[in-house]
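In what follows, chains carry the letters A, B, and so on, assigned in the order in which the sequence lines appear, proteins first and then strands, with residues in each chain numbered from 1.
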2 protein chains.
Amino acid sequence: MPPKDKASPSSASVTIRDVARLAGVSPATVSKVMNNAPYVSEETRQTVRAAADKLNFRPNSIARSLKMSRTATLGLITDDLEGVFTMSMMRGVEEVASAQGFSVFLCNSYGDVARERAHLEVLIDKKVDGVILLSGYRVRQRGAPALPLGGIPVVYLYQYTDEAAVRCVVPDDFGGAVLGAAHLAGLGRRRIAVINGPAHYEATRRRLEGVQDALARAGVSFDAALVRAGKWYESSGYAAARDLMSLPAPPDALFCMSDSIAVGALGALHDLGVRVPQDVALIGFDNRSFAVHQRPPLTTVALPLVQMGRLAGDLLLRDIREGGSAAELHRVPCELVVRQSCGASRA
Amino acid sequence: MPPKDKASPSSASVTIRDVARLAGVSPATVSKVMNNAPYVSEETRQTVRAAADKLNFRPNSIARSLKMSRTATLGLITDDLEGVFTMSMMRGVEEVASAQGFSVFLCNSYGDVARERAHLEVLIDKKVDGVILLSGYRVRQRGAPALPLGGIPVVYLYQYTDEAAVRCVVPDDFGGAVLGAAHLAGLGRRRIAVINGPAHYEATRRRLEGVQDALARAGVSFDAALVRAGKWYESSGYAAARDLMSLPAPPDALFCMSDSIAVGALGALHDLGVRVPQDVALIGFDNRSFAVHQRPPLTTVALPLVQMGRLAGDLLLRDIREGGSAAELHRVPCELVVRQSCGASRA
DNA sequence: AAGACTTCCGAAACCGTTTTCTGAAACGGG
DNA sequence: CCCGTTTCAGAAAACGGTTTCGGAAGTCTT
């Protein structure tokens, strides 16, 4: 009996009017029970609900959005979808967003301003309730171009900006460095060298300040002759480590500002025949996935990427809910993950 | 003069009626010129356009979607947002989607069926035009749960399924293995061992068939005693390599079915004092980011992740446009990237 | 018993587009 | 000069929900 239309449970979309008709009430009433609005009797509630799920009714959120002008939708624009830190942060925001019933649009700008702007316009047109600008880079981007945000809340993730009234969430580089340096000092290391990233990064500056602070507090002297700055990559770490170890009084610990640098340094130490951690302790930064697979496994300070993503999502959702938008800078604390390259194992 | 409303170029949303009023025409006409519909004079076209961008008019795509019941929106559900292969595939689909004016919703199911289902329902409610189910795992997922797709097109990415009328795109594991094995054979290797992944993976089976095929074609005999199966991880590669090299007649080449396995094997060979590539050639699979940083840099067969993503996006968009949906399985070809672990350098 | 609330429900307007459908004007052919 | 066509423009009806508003009934006060 294919002609019977009763057999198919739904197929073409069933509207609020359909369930109203079946329940013998008005569309308005159906709307009210679907939204748990007051002033509808328990009896009709039951009737309507029964009708609704007999018809397998699912409210059309497009229609709802049109009326309410809220879409329960976020935009996420990243400048490097394939960046090594990107996906963990994305996981954080996706997690809190979907937990609160929001969906997130994914946009990749490839670091191109025009593309970013285009994405943003589409997002605005699609009436997202807020957007997160996520940078896969560490570069501090001062004076970002004024974006055509349609008056919706924005938060910058892993990115600084000078724009007024936007929130930023970044890792607490200073605190992270303190953690690492204190660890080294606590293990008895006294000549602590640092192999830093490029000088123009905000992160490197703050991390360096962090080790200085921690060392001062621990009573070990900081030797400025023991710091090298270079690139974030392995080769840079390799060269710097060789250089440092050829000093008349070589260091007994290497604080590397990235895990990549650390594996480079590890290679140099290996080539030089110096033992890690017996002769020199080695610590990295970032907690990249390969850190655990080094020999010895790398002690490192972890970037709180997922937490940063979660915080960004929470801030944005709160702004959406409450309308506020103070220009706060949130530094989320790093975490020390100790493995074996410093000579101490977990308690 | 704050009371003047003329100063602010837009602020509260300007609708099609506003520009109609300013242009002195009806809303219908404005709609027509915005969509380049025929039967409107060039003169009014100009007038309307002028009014539109004087008012900075941006059409409300929610309203449009409501009427048209097409949202220019895709859903992408991944079971492992942080998976090592996920983001490259995502980049591919984002690329083609946004190039064609589509936005993509990002959903992370954590491999949890209930969560996947929940996401899917939200996507359906949000009236996405199609969805991509992206698996970060290699596991073949036969008989996936029948999902409540609301009659919209779906494509499975990096994932097999038995469901009717859905498209799948996966890498051509067989062809990739042929590439690698032929490379080894062409370099004169005769005793080629393979360190495989778990036996229950479709990928491992096909890859093994690939090397057998290539070897047969190259006239080098395939020794079944020279294959080991294990996990995808380094430790597995390490153990297998040691085992293989302790044979009375050890192999002169190791075909590792993942780059992780290969670096494990590389470690074993190093510990054993056998030289790579002089004594034994080593080839990996996947082209992971760390492959290039090995010593020697790893020759490997690259998974065509971005291309797979692009293809999935193209297929889906085509289905959306044309309504078709044949259940095709697309195997996209892998690519050999030769570095130094096999003794041949690039031409 | 009359008035003041309170509860319950539905008619209708609305959100901002698109799309008929109708009609007027211009045009062209015989 | 009259009668098809064709071009152009607008009124109005959707699309599928939410919300205001008013009316009807019921419940408490005095």
Side-chain angles (χ1 to χ4, degrees), chain A residues 10-49 51-52 55-73 101 122 124-129 150, chain B residues 10-49 51-52 55-73 101 122 124-129 150:
Chain A
S10 59
S11 69
S13 72
V14 21
T15 81
I16 211 174
R17 281 169 232 273
D18 296 324
V19 359
R21 182 162 29 246
L22 177 58
V25 299
S26 77
T29 302
V30 177
S31 175
K32 282 171 194 154
V33 352
M34 297 316 281
N35 298 330
N36 294 321
Y39 295 146
V40 32
S41 72
E42 192 52 37
E43 190 186 347
T44 44
R45 277 203 143 76
Q46 304 289 348
T47 317
V48 168
R49 269 195 241 281
L55 259 40
N56 211 318
F57 170 71
R58 310 237 64 197
N60 179 333
S61 50
I62 297 290
R64 175 197 301 251
S65 294
L66 178 56
K67 182 67 171 149
M68 316 274 282
S69 61
R70 296 174 77 264
T71 52
T73 292
V122 170
I124 302 288
D125 289 349
K126 287 222 163 96
K127 301 292 185 236
V128 297
D129 294 327
Chain B
S10 59
S11 68
S13 72
V14 21
T15 81
I16 212 173
R17 278 172 238 273
D18 296 324
V19 357
R21 183 159 31 245
L22 177 57
V25 298
S26 76
T29 302
V30 176
S31 174
K32 283 171 194 155
V33 352
M34 298 316 280
N35 298 329
N36 293 319
Y39 296 146
V40 31
S41 72
E42 192 52 35
E43 190 187 344
T44 44
R45 275 201 145 77
Q46 304 289 347
T47 316
V48 169
R49 268 195 243 281
L55 259 40
N56 212 320
F57 169 71
R58 309 237 66 198
N60 179 334
S61 51
I62 297 289
R64 174 196 301 251
S65 294
L66 177 57
K67 184 62 173 153
M68 317 272 283
S69 60
R70 296 174 76 264
T71 51
T73 291
V122 171
I124 302 288
D125 289 349
K126 287 220 163 96
K127 302 292 186 234
V128 297
D129 294 326

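- With hydrogens and angles ignored, the 3.5 Å screen pairs no side-chain donor or acceptor of B/Ser31 with any backbone N or O of B/Pro27.
- For the pair A/Thr15 and A/Asp18, the minimum side-chain heavy-atom distance is below 4.5 Å.
- Atom CD of B/Glu43 is separated from atom C1' of D/dC8 by 12 Å (rounded to the nearest Å).
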- Note on the structure: Heavy-atom contacts, protein to nucleotides 14-26 of chain D, under 4.0 Å, summarised as B (base), S (sugar-phosphate only) or - (none) per nt, yield BBBBBB-------

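- Under the 4.5 Å side-chain criterion, counting only non-hydrogen atoms from C-beta, A/Val30 is in contact with A/Val25.
- Taken from CD1 in A/Ile124 to OG in B/Ser13, the straight-line distance is 12.5 Å, to the nearest 0.5 Å.
- Axis orientation changes by 40° from one end of the helix from C/dA1-D/dT30 to C/dG30-D/dC1 to the other, with each end axis drawn from 5 pairs and the value rounded to 10°.
- Nucleotides of DNA chain C with any atom under 4.0 Å from a heavy atom of chain B span, from 5' to 3', C/dG16 to C/dT19.
- Counting heavy atoms of neighbouring residues, nucleotides and ligands inside a 6.0 Å radius, atom CZ of A/Arg70 does not exceed 12 of them.
- Using a 4.5 Å cut-off on side-chain heavy atoms (C-beta onward), B/Lys126 and B/Thr71 make no contact.
- Residue B/Thr44 is in sugar-phosphate contact alone, with no base atom involved, counting any heavy-atom pair closer than 4.0 Å across all strands shown.
- Taking every heavy atom of both residues into account, B/Ala72 and B/Asp129 meet most closely at N-OD2, 2.7 Å.
- Residue A/Ala20 comes nearest to A/Ser26 through the heavy atom pair CB-C, 3.7 Å, listed as atom of the first residue, atom of the second, then distance.
- Inter-residue side-chain proximity for A/Pro59 and A/Arg64 is flagged as met; some heavy-atom pair is nearer than 4.5 Å.
- Using a 3.5 Å distance cut-off with no hydrogens or angles, the side chains of A/Thr44 and A/Thr47 do not pair a donor with an acceptor.
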